[in-house]
Amino acid sequence: MKIKNYLPALILFVFAFTSCGNDDESNYEVATMNIVELASKTESLSTLVATLSKSDENPNSALVGALSGNGPFTVFAPTNDAFTSLFENLDNYSSLDDFNSEEKKVLLATILKYHVISGTALPSSELSNGQEITTILGDKLTIKLDDAVFIDDATDIDAQVVNADIKATNGIVHIINKVLLPQSVIDAINLGTLVDIVVDSETLTILEAAVIKAGLVDTLNSDGPFTVFAPTDAAFVSLLDNLGDNYNSLDDFDTEVEIQLLKDILLYHVLPAKVLSTDLAAGEVGTALADNSIEVVNNDGTFVIADASDSNANISAVNIMASNGVAHVIDKVLLPQAAVDFIASQQPTIVELAIATNDLSLLVGALQQADAGLVDLLGTDGPFTVFAPTNDAFAALLNDLGDEYNSLTDFDTEDEKEMLTKILKYHVIAGTTAYSTDLSNEQKITTAQGEDITVNLTGGVFIQDATDTDAAVTTADIVAKNGVVHIIDKVLLPQEIIDALQPNIVELAIATDDLSLLVSALQQADAGLVELLGTEGPFTVFAPTNDAFTALLNDLGAEYNSLADFDTTEEKTLLANILKYHVVSGAAVKSTDLSDGQIIGTALEQNITINLTGGVFITDANNNDAMVKTADLEASNGIIHIIDKVLLPSIH
């Protein structure tokens with residue numbers, strides 16, 4: 001809407017005020033009507049009276065009542081022709097009937113207040129050239145005297161007083177030939193529509209193209225009023241990135257369904273009311289997209305906008321006024337639930353994402369090798385959160401497992417496949433999409449395997465498993481259709497698997513070169529000790545070295561050159577008793593649990609004594625000490641302490 005040049009009204013009401021004895025002047029000497037009554041009785045001011053009544057249709061306006069009050073007031077009263085000229089020169093306002101909204105009636109009241117001076121009745125004789133007069137609007141008018149009395153407003157054309165000094169009981173009226181306009185009204189009338197605002201902005205070019213593509217230009221050019229949360233170009237670029245390779249620009253919204261989706265997204269940014277930043281309050285607000293609301297969220301004193309997605313929009317610019325509403329600039333495209341669902345449908349599933357990621361090929365191979373339906377499971381709706389180990393992480397695991405596991409195909413027995421399945425499930429959280437921003441330090445999360453992992457946010461994002469080494473999240477928040485993937489640099493191991501992978505006491509002894517004679521002794525005794533030490537336990541074993549057994553054989557004399565010389569029933573029983581004297585049943589006792597002078601019962605039902613003077617020593621029944629050379633070797637069913645002497649019980 002623009003103001004055109006006014007054509008000054010040519011109809012002048014000529015009244016002679018040349019002398020006190022003038023007969024016409026006597027008609028105004030004694031005022032009998034207030035300003036409103038006077039205007040109502042003056043034919044040329046009927047539009048002014050109608051305008052006063054129109055503005056008072058708003059409950060907060062009472063100009064008729066005010067101008068009927070005591071005053072005194074000075075009123076510059078535009079003629080009917082002045083109002084006709086105003087309407088002819090305003091876009092979209094051809095008559096008073098076009099001021100048909102509360103907002104437009106407020107505009108009328110603003111104009112009228114600019115014509116009233118309160119507290120004084122100023123006759124023309126008291127007006128001076130350059131004099132500034134403050135109106136009840138708060139804005140000033142300037143008097144110009146140049147062969148007539150002119151009133152200078154915020155426009156380029158002055159109003160001329162065509163009939164001065166009409167007295168009323170509560171003031172004085174000067175009839176003028178032009179409607180005076182304050183700067184605030186000029187600004188309001190000259191504002192473009194919300195579409196004009198978008199078109200004129202260098203940072204809203206994609207929004208402009210989207211409005212055109214969705215066919216919403218006419219809607220956002222209509223009367224409104226509307227509030228538009230306007231996403232920047234960067235916000236739209238981010239949305240296109242999230243949509244994937246099939247959506248590189250708005251041109252890719254080319255089907256009827258996609259264009260309707262774009263339209264729905266845009267309508268979701270529109271409120272069917274004018275809401276300034278000062279009007280914002282926390283809570284849900286209905287949008288122009290039927291049955292869809294956004295939420296205004298108070299974020300530590302700053303308002304952000306929440307949609308159906310997991311991230312909020314920040315408001316970067318506020319109160320950009322338009323003729324049909326107001327715009328606020330935001331840094332994110334708001335998404336209704338339908339759009340969130342659509343975006344999700346464009347994403348790959350977790351399995352498809354893993355297949356498309358080169359560094360997760362061994363994870364894909366592990367899912368297939370486990371043959372436990374995990375591929376199918378991670379292709380369902382979910383949602384899931386998956387901590388996905390890299391190829392290097394799986395290679396490191398295989399290396400740690402030893403020579404029997406050179407590749408994932410070596411998990412080929414039912415037990416091994418079950419073990420692999422449990423490892424993989426330990427990387428999956430079912431029922432939630434947990435982004436890195438949702439994680440908190442020391443947070444415990446229960447996995448699909450059943451055991452917890454722990455989040456460590458010290459210096460990064462780390463995941464603690466049952467081992468002593470954390471896995472670092474190297475790439476976070478890879479969004480999939482059915483969840484989110486975080487890539488990690490280590491295969492997570494639950495306690496159940498650590499226990500299963502850990503050798504038992506017999507296996508640990510067999511794998512330890514310096515305990516080969518102990519293994520032979522267990523076998524030679526032929527008393528079921530090998531089988532016993534392969535059970536769950538727990539056990540603590542004080543394991544003599546090969547040198548310790550060699551020293552024992554030397555002490556026994558020429559008849560015992562090797563353990564094979566324990567070949568009679570009596571000798572095998574003796575050997576079994578010696579070995580039982582090295583075993584503590586029912587407890588896995590670490591060296592840190594030992595105390596000086598502590599007496600411990602053995603499986604032979606004879607005691608040994610702990611001596612911590614100068615080291616860790618084990619005193620046998622013969623008061624001889626064996627020194628613990630290597631402590632705390634952990635097995636799946638207990639602990640081994642390697643000692644330098646064979647302990648000897650009391651022989652009966």
Side-chain angles (χ1 to χ4, degrees), residues 238-239 241-242 295 297-300 302 304-314 331-332 335 340 343-344 347-354 356-357 359-360 363 366-367 374 377-394 396-397 422-498:
S238 178
L239 172 65
D241 287 343
N242 288 333
E295 183 179 2
V297 178
N298 190 333
N299 183 25
D300 294 330
T302 300
V304 296
I305 308 300
D307 58 4
S309 74
D310 295 322
S311 59
N312 297 332
N314 298 301
D331 65 355
K332 173 186 178 291
L335 299 176
V340 172
I343 291 173
Q347 303 291 344
T349 65
I350 288 174
V351 172
E352 291 168 340
L353 191 154
T357 305
D359 203 26
L360 299 180
L363 171 60
L367 290 167
L374 293 178
L377 174 66
L378 293 176
T380 61
D381 289 342
F384 303 103
T385 300
V386 173
F387 294 96
T390 62
N391 290 348
D392 286 345
F394 273 102
L397 173 66
K422 289 177 179 178
I423 292 173
L424 294 170
K425 285 184 176 180
Y426 192 57
H427 294 76
V428 177
I429 293 91
T432 186
T433 301
Y435 292 93
S436 59
T437 51
D438 299 322
L439 303 176
S440 58
N441 197 39
E442 302 299 327
Q443 179 182 3
K444 292 188 180 299
I445 305 173
T446 302
T447 68
Q449 179 264 345
E451 294 185 45
D452 290 348
I453 54 176
T454 303
V455 177
N456 175 8
L457 299 184
T458 305
V461 180
F462 299 91
I463 307 301
Q464 296 175 342
D465 60 0
T467 71
D468 296 327
T469 305
D470 294 348
V473 174
T474 57
T475 304
D477 302 329
I478 305 174
V479 179
K481 179 187 299 186
N482 57 343
V484 65
V485 173
H486 307 291
I487 297 179
I488 56 177
D489 64 354
K490 173 184 177 290
V491 177
L492 304 173
L493 295 178
Q495 190 63 53
E496 179 183 11
I497 297 302
I498 293 173

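Note that the coordinates shown come from a computational prediction; the quantities given were computed from them, not determined experimentally.
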Practice task
Spell out, as yes or no, whether a donor-acceptor pair under 3.5 Å connects the side chain of Tyr426 to the backbone of Gly450.
Solution key: no
Practice task
Test side chain to side chain contact (heavy atoms under 4.5 Å, CB included) on Asp307 and Val340 and set out the steps.
Solution key: CA-CA 10 Å; Asp307 58 4; Val340 172; 6.0 Å; no
Problem - Neighbour count >12 (heavy atoms, 6.0 Å) for atom NZ, Lys332 - result: yes
Practice task
Decide side chain to side chain contact (heavy atoms under 4.5 Å, CB included) for Tyr435 and Val479; before the verdict, give the C-alpha distance in whole Å, the side-chain angles of both, and the deciding distance to 0.1 Å.
Solution key: CA-CA 9 Å; Tyr435 292 93; Val479 179; 3.8 Å; yes
Handout entry: Side-chain touch His427/Val491, heavy atoms, less than 4.5 angstrom
Key = yes
Problem - From CA spacing to verdict: side chain to side chain contact (heavy atoms under 4.5 Å, CB included), Ile429, Ile453 - result: CA-CA 10 Å; Ile429 293 91; Ile453 54 176; 4.1 Å; yes
Handout entry: Close side-chain approach of Leu239 to Leu335, heavy-atom, < 4.5 Å
Key = yes
Practice task
Could you pull out the closest heavy-atom pair between Val297 and Ala306, with the gap in Å?
Solution key: CG2-CB, 3.8 Å
Exercise for the section: Rounded to the nearest 0.5 Å, what's the gap from CG on Asp300 to CG on Asn298? Could you check? Expected result: 7.5 Å
Handout entry: Thr390 and Asp392 side chains, donor-acceptor separation under 3.5 Å
Key = no
Problem - No-hydrogen, no-angle side-chain donor-acceptor test under 3.5 Å, Glu451 and Gln495 - result: no
Problem - Minimal non-hydrogen separation, Thr433 against Asp438, with atom names - result: O-OD2, 3.8 Å
Problem - Main-chain N/O of Phe462 paired to Asn456 side chain as donor or acceptor, under 3.5 Å - result: no
Handout entry: Heavy-atom closest pair, residues Asp489 and Ala472
Key = OD1-N, 2.8 Å
Exercise for the section: Rounded to the nearest 0.5 Å, what's the gap from CG on Leu492 to CG on Leu397? Could you check? Expected result: 10.5 Å
Problem - Under 3.5 Å: donor-acceptor pair, side chain of Asn314, backbone of Asp331 - result: no
Handout entry: Approximate separation, where rounding is to 0.5 Å, of Asn482 CG and Glu352 CD
Key = 8.5 Å
For residues 379-388, run the donor-acceptor check on the side chains, cut-off 3.5 Å, and write out each pair with its distance to 0.1 Å, sequence neighbours left out.
| residue | atom | partner | partner atom | Å |
| --- | --- | --- | --- | --- |
| Thr380 | OG1 | Leu377 | O | 2.5 |
| Thr385 | OG1 | Thr432 | O | 2.9 |
| Thr385 | OG1 | Ala434 | N | 2.8 |

Exercise for the section: Decide yes or no for Asp465 and Ile498: does some side-chain heavy atom of the first lie under 4.5 Å from some side-chain heavy atom of the second? Expected result: no
Problem - Reported CG-to-CG distance for the pair Leu374 and Leu367, which is rounded to 0.5 angstrom - result: 6.0 Å
Handout entry: Minimum side-chain heavy-atom gap Leu378-Thr349 below 4.5 Å
Key = no
Handout entry: Distance in Å, Thr475 OG1 paired with His486 NE2, rounded so as to fall on 0.5 Å steps
Key = 11.0 Å
Handout entry: Spatial distance of atom CG (Leu457) from atom OG (Ser436) [nearest 0.5 Å]
Key = 9.0 Å
